[in-house]
Amino acid sequence: MTPEAMPSLRSQVRDAVEAAWQIARTELTPADGAPAAEPVTIERPADAARGDFASATALRLAKPYRRAPLQLAQAIAAHVVTTATDPNSPIASVEVAPPGFLNIRLSDGVLAAATGRILADPATWGRVTVAKPERINVEFVSANPTGPLHIGNARGAFTGDLLCRVLSAAGHTVTREYYFNDFGSQVKNLGASVLAIRQGCDLPEDGYRGDYVYEMEKEMPAAVLTEAEQPGEEPSWTVGRWASEQVRSGIEASLEHLGCHFDVWRSESTLHKDGWVAKAIERLKAAGDVYEEDGAVVFRSTKFGDDKDRVILRSTGDSAPTYFAADIGYLVEKFSRGYQRIVFIWGEDHHGYVARVKAAAESLGFDRDQVQMILTAWVRFVRDGKEISMSKRSGDFITLDELLGEIGVDAARWFFASRAPSSGIDFDIELAKKQSAENPVYYVQYAHARIASILRKAEESGMKLPAAGDPRLTELLAGVLPGAPEALLARQIVRLPEIVEDAAAEEETLGITAYATDLATTFHAFYRDARVIDADEPDRSAARLALIAATKITLANALGLLGITAPEQM
RNA sequence: GCGCCCGUAGCUCAGUGGAUAGAGCGCCAGGUUGCGGACCUGGAGGUCGUGGGUUCGAGUCCCGCCGGGCGCGCCA
């Protein structure tokens, strides 16, 4: 399989400081209470001139250990192993700065080694392995197949896709899942709408009237109509099922076009047919968490923190299960596939459902934290200062395909990747079109293409990089790293794994877009300050070529995490 | 009314309780006898909605208020 992911340099530094602290603490006693479980933290200093990493550990430990922070910092620093005593240490130096910070500098050796490793194994560069890899199911989009995806679905699609990419890169095993409803009355309405057009009648009051409905009517095979006219089921259902499958496969095509691939497409009707809903209700009953009221069967979700209990079997009609009952059945079905964690990407208008679904998970015997909801804030789509309403029934909406025709997939991906899911967005279509040309994504892609161009030029002039794994490579790099342009670029490149760690932990991709932009900026400055191709300085040229080749891989992998292309030229 | 989310530069947005609050866009002033000028350098621009509190330290945590969004179905 894939070679082992390299731990971030930050975690290596943390381990080194942690080891030093463990020695230093034997000379100290805590004042009272237990010391912090994770006393050593490592961060990036606000000012890069202070060093590669910083730690405020001594400041935090000062009180529990009743020591002056400065004194504690010195005690820790004294025990940190640096290259002075061990040439293999990643740390070149540790300095103590008032009021008690540790400022840490990486060694050229570890930078050279990391750069060499990037060239030797580009595919796994940036991948990390979290402490506890999990099997995770992520369900997103899940728009009902009654109409094409509109721009309101964009955020869920990108947020879910980005999350899956990041979780995978951090070592989790991820299944991407789409749930769609082919059981509710909307499907019948869709069918009735198609039939009404065919028969020249007025559309039903709550029918669908978008252009796509008329197109489906034209394309409907005769066989569908023949089947619909058979005795038994109402024709609207038969036609509706056919129509919704047309819509569903159109949705799938749109999503693939966006780079959002789904592993599993699951329909509500199969959950009922395969008995998962019934099974779930039995389990809730067995747990003693249901009761009957006014002829309905109710789940006692308040026992697990919900505001009110929820009906799962209706009192009306044929005691049909509610939509929520199907959700619970789905939960049972998903857990039966062995996932440790089940994630839902929902619009924030669904936040009221969080408590009941978590309650169901708990009643079923799972940990409520195994079920996780990520809520995306509302996107207000605006054109000329007016909000665009989005209604499938009225047919008044802008499809996702139309939007992406105007601003491009890479620009749209970057737009959503660089915003926290929880922040509300005003998306002005006209502004977005104008700004898409100035989207920072092109700045990053340009850096990548520029490097590709230099590498092509180098090859034409017969210059070659030392082969990956050649010890001469590390030697050449170490020779050049004391130089300022090289030192800055190398330090920026090697951060990728820690950026991925943070993105996976925070389940956001903001940090990746910021990092990619920083790396591009650092490269452009390097380009300005350091001539790469120089026949008079073959060793230096080779080392610089190696550095920019590693930069190119890092840019491509960072963009890849966002599902964005890294062009060789533009 | 109750609950959840949000309020940071002109605009769009960052900012795991740590050092002088940042980026992009926009605006102003500059930069190339050389590997891609879709680039680079510098500048202006902030009562972090507001009032208290917690502590060595608060944009960040707690409480109140103001403003905006969303939700409170035997719909899906």
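Chain letters run A, B, ... following the sequence lines, proteins first and then strands; every chain starts at 1. FYI, side chains are in, hydrogens and waters are out, and symmetry mates aren't considered; it's all heavy atoms of this structure.
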Charged tip of A/Arg44 within 45° of A/Phe53 ring normal and under 6.0 Å
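Because its charged atom sits under 6.0 Å from the ring centre and within 45° of the axis, A/Arg44 does stack over A/Phe53.
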Measure from NZ or CZ of A/Arg356 to the centre of the six-membered ring of A/Phe299, then state whether that distance is under 6.0 Å and the direction lies within 45° of the axis.
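No, cation not above the ring by the 6.0 Å, 45° rule.
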Identify whether a stacking contact exists between A/Phe101 and B/rA19, where the ring centres must be under 5.5 Å apart and the planes under 30° apart.
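A/Phe101 ring centre within cut-off of B/rA19 base, planes near parallel; stacks.
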Within the structure shown, what part of the strands sits under 4.0 Å from A/Glu506 by heavy-atom distance: base, sugar-phosphate, or nothing?
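Counting heavy atoms under 4.0 Å across all strands, no contact is made by A/Glu506.
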At under 4.0 Å between heavy atoms, what does A/Ser315 touch on the DNA or RNA strands: base, sugar-phosphate, or nothing?
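Touches a base.
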Can you sort out the partners of A/Glu568 under side-chain hydrogen bond (donor to acceptor under 3.5 Å, both in side chains), two or more places apart, ordered by chain and number?
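A/Glu568 satisfies side-chain hydrogen bond (donor to acceptor under 3.5 Å, both in side chains) with A/Lys552 once adjacent residues are dropped.
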Any donor and acceptor pair, going by atom type alone, linking the side chain of A/Ser541 with main-chain N or O of A/Val532 inside 3.5 Å?
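Yes.
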Any residue in residues 484-493 of chain A with a heavy atom nearer than 4.0 angstrom to RNA chain B? Just list them by number, or reply none.
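Contacts with RNA chain B under 4.0 Å: none.
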Can you tabulate the close N/O pairs, meaning under 3.5 Å, that link protein atoms to atoms of nucleotides 54-59 of chain B?
| unit_1 | atom_1 | unit_2 | atom_2 | d |
| --- | --- | --- | --- | --- |
| B/rC56 | OP1 | A/Lys63 | NZ | 2.8 |

Under the 3.5 Å Watson-Crick or G-U criterion, the dot-bracket string of RNA chain B, with | for inter-strand pairs
(((((((..((((....[...)))).(((((.......))))).....(((((..]....))))))))))))....
Of A/Arg495, A/Arg10, A/Arg491, which meets salt bridge (Lys or Arg N to Asp or Glu O under 4.0 Å) against A/Asp52?
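Only match with A/Asp52 under salt bridge (Lys or Arg N to Asp or Glu O under 4.0 Å): A/Arg491.
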Would you say the side-chain atoms of A/Glu268 and A/Asn181 include a donor-acceptor pair closer than 3.5 Å?
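Present: a donor and an acceptor within the cut-off.
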Filtered N/O pairs between nucleotides 30-35 of chain B and protein, under 3.5 Å:
| unit_1 | atom_1 | unit_2 | atom_2 | d |
| --- | --- | --- | --- | --- |
| B/rG34 | O2' | A/Arg531 | NH1 | 3.0 |
| B/rG34 | O2' | A/Arg531 | NH2 | 3.3 |
| B/rC35 | O4' | A/Arg531 | NH1 | 3.4 |
| B/rC35 | O4' | A/Arg531 | NH2 | 3.4 |
| B/rC35 | O2 | A/Val532 | N | 3.4 |
| B/rC35 | O2 | A/Ile533 | N | 3.0 |
| B/rC35 | N3 | A/Val532 | N | 3.0 |
| B/rC35 | N4 | A/Tyr527 | O | 2.6 |
| B/rC35 | N4 | A/Ala530 | O | 3.0 |

Do A/His350 and B/rG71 share a donor-acceptor pair, side chain to base, under 3.5 Å?
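Under the 3.5 Å cut-off, the side chain and the base do not form any donor-acceptor pair.
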Donor-acceptor pair present, A/His524 side chain and B/rC40 base, under 3.5 Å
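Donor-acceptor pair under 3.5 Å: no.
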Does anything in residues 304-319 of chain A pair up under salt bridge (Lys or Arg N to Asp or Glu O under 4.0 Å), and if so which pairs, sequence neighbours excluded?
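Qualifying pairs: A/Asp306-A/Arg310.
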